[in-house]
A.B. asks: 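Right, I'll just put the structure down here and ask away after.
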Number of protein chains: 2
Amino acid sequence: MLQSIMAFVHPVNHILKNVPEGPLFMSNKQKETIYDIAQKAGASASTVSAALNGTWKKRRISEKTAQRIIQIAREQGYTTNNQARALRTSRSGLVALLVPEYNRFFSNIAQTFSQEVRARNLCPVIISTERDPKEERHIVEDLSNWQIDSIFFVGSVSPEDLSRQCKDAQIPHVFVDQPCALAPSVVTDNRAGALMLTQQILASMPAATGDPLRDRVYFLGGDRRLPSTYNRIEGFSEAIRAVTGSVAPDQIIAKTYAKDAATQAIADLYGQLGGLPRGLFINSDSVFEGAMHFIATLPEDELQTCAFGCFDYEPFGQLLRFPVHMIRQRHKKLVQRAFWHLEHTTTPVLEQIEPELYRAKT
Amino acid sequence: MLQSIMAFVHPVNHILKNVPEGPLFMSNKQKETIYDIAQKAGASASTVSAALNGTWKKRRISEKTAQRIIQIAREQGYTTNNQARALRTSRSGLVALLVPEYNRFFSNIAQTFSQEVRARNLCPVIISTERDPKEERHIVEDLSNWQIDSIFFVGSVSPEDLSRQCKDAQIPHVFVDQPCALAPSVVTDNRAGALMLTQQILASMPAATGDPLRDRVYFLGGDRRLPSTYNRIEGFSEAIRAVTGSVAPDQIIAKTYAKDAATQAIADLYGQLGGLPRGLFINSDSVFEGAMHFIATLPEDELQTCAFGCFDYEPFGQLLRFPVHMIRQRHKKLVQRAFWHLEHTTTPVLEQIEPELYRAKT
DNA sequence: TGCTTTTGCACAATCGATGTTGCAAAGCAT
DNA sequence: ATGCTTTGCAACATCGATTGTGCAAAAGCA
């Protein structure tokens, strides 16, 4: 059984945090160790250790002695050597976040992660995997050599493998954005989000053209084999069916998240239909950017013939010359819930976070 | 004198890297140590250590023994405990990047940084400082307790303080984006970039209105007390002077990078002038986003009365309903040169990297 | 006062790797 | 065969913290 590790924090860092600016960074003097402090305090190293890391009560050190030691340590600007501590306790104080790349969404995740980790007085290690399963493996192996305390996987490509690897190495871990069947996972409620977004698209569609192929809403981008895209397609389909009764397979174009592919796909679609469709569901910001490269070339009046929705939040999306409805994933909540799971459970549960809909002004 | 640390890599990680998938993650068996390997190889721990970390030649271990040990280690899936190594050698193998926040530019930097660090078989630690000098101090202190090998400061607010702090703790360091007088720094050539951008703005300005105040180019956003903004103002002014002979103080509005402030500033300017100016130099992506919130509310034809330039690259900037020229900072080169300085020098030099101009189609 | 319990702390082992020292065996020259 | 150098490796101390154990002194109780 994996252990919750996050809750544990060494108090010495807090105790010594607010050091007067003065003698602290005085010179090149070698860094002080507990032995130096011990000598200056006329105590033993073990007593100093106990005093500083907060276990002095349990170790029956008198409050007076503890305070004296803390005082001296503070004066000397003592700070503990994390490697030594990690070696002894086999807890490194490092927490890792693995992201596929640094796009807007993942950067937001990273930002929140970094804050949460530092709030717990631990050290964030953020690494990008380039969406490569082999690289993911290697990184986890490396991290395990650093006795990493726990790992957050975001948008991972091979969750189950990674989870097994972590379990073998006894590393607590949690999945964000892409779920894992074997470990706690926190993801956006993609189905509900897609449903909302599609309903909004449907509600703001311009007048029908009469051409049945053009009068449909299309789903563009993503990878239908991934759970996130799959669920978005589900939500999309549900909304469409509620109105038209059925969804045609060719309404859904979901093979990749790649930018260029999106540009090509929308150009092809435009060619086939002889114009833009009446509604377009754009799956993710990269697809958005790709699609825009084509769409931006169209004349003004054509742009008004289509209702756009994007499953991701992009501030500049609000500033285009046509309205785009957007779904914003709650990155903060995603990360915070992930921490919660790490700290309170180890069983494979799936938590879904409802995203927000940004309605474009029309 | 600081020492270059980056060049040093323990070869064991390379040697053992391509482990067959088989017996590696077999079970929960405790992680092997060099003592276990020593026993299995009928050798001493020190011999195993030497064999694995590549110093066996120097330590006069026979090639035969070394190979045998490496073979056994590989079979057992041995990997070295980085804490123990770090404690002994006082090199952690960790390299830190401090960024103010995760915006597009800094995220790109982080991405490149992460790749470069991993290519050197080290571990990237990326932390955001929230532009708070106190937080910066604390982070550096924490990192020093982790025996961090070196630190990259990006867009730091108090470079000199940090540099001193690092020197006291004997941590090699380098500054990116914001220079430091006391340490190697790699920054974008802001003056040259601003010059290019301003010239482009001037070249694509629409017809004059006749109102001298509106017919000028304005510089919007940033903080003139920071070197980067200062230099951009220099470049801007140089370009303007070449055409008009002089720059008026009120052409330059550079107090902050904050989004909301930018929205307000451009709205005010619009109010004063009774319309948009004939040219606008937007300093940074955050200012761009802020300004757009106002500009997006304007009617189509008004937008054609101003030539826009932005000192930052934002893909969606190309997709707006009016052309925006942009400067792209070479984040890859910035980071790579920073590594170079860390590995080859410790003297305070300033290297400037020329950015690229993206001309908008008109 | 004498005996038990509690308090307060020092000692020493330990985490896993590195690097210095020392010592036997092998190699070589005379 | 003898002395001298070189080779090959094991023993041991060390990095700086944590933690189990033991032992005086102080406190409590009769």
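Here is the naming used below: chain letters follow the sequence lines, and residue numbers restart at 1 for every chain. Because only heavy atoms are used, hydrogens play no part in the values below, and waters and symmetry mates are left out as well, while side chains stay in.
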A.B. asks: When the distance from CD1 of A:I34 to P of C:dA10 is rounded to whole Å, what number comes out?
C.D. replies: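 Result: 12 Å.
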
A.B. asks: Closer to the 5' end of DNA chain D via nearest nucleotide, is it B:G42 or A:S49?
C.D. replies: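 The 5'-side residue here is B:G42.
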
A.B. asks: Can you find a side chain N or O atom of B:S62 that sits less than 4.0 Å from OP1 or OP2 on D:dC9?
C.D. replies: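 Yes, within the criterion.
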
A.B. asks: Can A:E141 and B:T79 be counted as having a side-chain donor-acceptor contact under 3.5 angstrom?
C.D. replies: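 A:E141 vs B:T79: no donor-acceptor pair found between side chains.
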
A.B. asks: From CG of A:L87 over to P of D:dC15, roughly how many Å is that when rounded to an integer?
C.D. replies: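 Whole-Å distance recorded here is 14 Å.
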
A.B. asks: Could you state the CD-P distance from A:E32 to D:dG16, rounded to the nearest angstrom?
C.D. replies: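 In whole Å, D:dG16 P lies 11 Å from A:E32 CD.
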
A.B. asks: Please report the distance, rounded to the nearest Å, between CG in A:N82 and P in D:dA17.
C.D. replies: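 A:N82 atom CG is separated from D:dA17 atom P by 9 Å.
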
A.B. asks: Whole angstroms only, please: what is the CD-P distance between A:E63 and C:dC9?
C.D. replies: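 One finds 12 Å between P of C:dC9 and CD of A:E63, rounded.
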
A.B. asks: Check this for me: does any side-chain nitrogen of one of A:E343 and A:R120 sit under 4.0 Å from a carboxylate oxygen of the other?
C.D. replies: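 Salt bridge flag = yes for A:R120 with A:E343.
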
A.B. asks: Assess the side chains of B:Q336 and B:E116: does a donor N or O sit below 3.5 Å from an acceptor N or O?
C.D. replies: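 A pair is found: one side chain offers a donor N or O, the other an acceptor, under 3.5 Å apart.
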
A.B. asks: So, under a plain 3.5 Å distance rule, would you say the side chain of B:R59 forms a donor-acceptor pair with the base of C:dT20?
C.D. replies: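 Yes.
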
A.B. asks: With a non-hydrogen cut-off below 4.0 angstrom, is B:A50 in contact with a base, only sugar-phosphate, or nothing?
C.D. replies: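 It contacts nothing in the nucleic acid.
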
A.B. asks: Does the side chain of B:T47 get closer than 4.0 angstrom to OP1 or OP2 of D:dC9 through an N or O atom?
C.D. replies: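 So the side chain of B:T47 is outside the cut-off, no N or O lying under 4.0 Å from OP1 or OP2 of D:dC9.
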
A.B. asks: Both B:S46 and B:R60 contact DNA chain C. Which one's nearest nucleotide lies toward the 5' end?
C.D. replies: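 Its nearest nucleotide lies further toward 5', so the answer is B:S46.
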
A.B. asks: Examine the side chains of B:E75 and B:Q71 and answer whether a donor and an acceptor come within less than 3.5 Å of each other.
C.D. replies: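 Their side chains do contain a donor-acceptor pair, which is all the 3.5 Å distance test asks for.
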
A.B. asks: Tell me whether the side-chain N/O atoms of B:Y78 come closer than 4.0 Å to OP1 or OP2 in C:dA17.
C.D. replies: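 For C:dA17, OP1/OP2 do have a side-chain N/O of B:Y78 under 4.0 Å.
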
A.B. asks: Within the 4.0 Å heavy-atom criterion, would you say B:A43 contacts the bases, only the backbone, or no part of the nucleic acid?
C.D. replies: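 It contacts sugar-phosphate atoms only.
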
A.B. asks: Reckon B:T65 has a side-chain N or O less than 4.0 Å from the OP1 or OP2 of D:dC9?
C.D. replies: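 So the side-chain polar atoms of B:T65 do come within 4.0 Å of the phosphate oxygens OP1 or OP2 of D:dC9, strictly under.
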
A.B. asks: Please find out if less than 6.0 Å separates the ring center of B:F152 from that of B:F339.
C.D. replies: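 Here the rings of B:F339 and B:F152 have centres that are less than 6.0 Å from each other.
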
A.B. asks: Counting only side-chain N and O atoms of B:S44, is one of them less than 4.0 Å from OP1 or OP2 of D:dA10?
C.D. replies: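 So the side-chain polar atoms of B:S44 do come within 4.0 Å of the phosphate oxygens OP1 or OP2 of D:dA10, strictly under.
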
A.B. asks: What is the separation between atom NZ on B:K57 and atom P on D:dC9, rounded to the nearest whole Å?
C.D. replies: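 The distance from NZ of B:K57 to P of D:dC9 comes to 15 Å, rounded to the nearest Å.
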
A.B. asks: Can you measure B:R85 atom CZ to D:dA17 atom P for me and round it to whole angstrom units?
C.D. replies: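 Interatomic distance, CZ of B:R85 to P of D:dA17: 21 Å.
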
A.B. asks: In whole Å, what is the span from the CD atom of A:Q83 to the C1' atom of D:dA17?
C.D. replies: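 Computing the A:Q83:CD to D:dA17:C1' distance gives 11 Å.
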
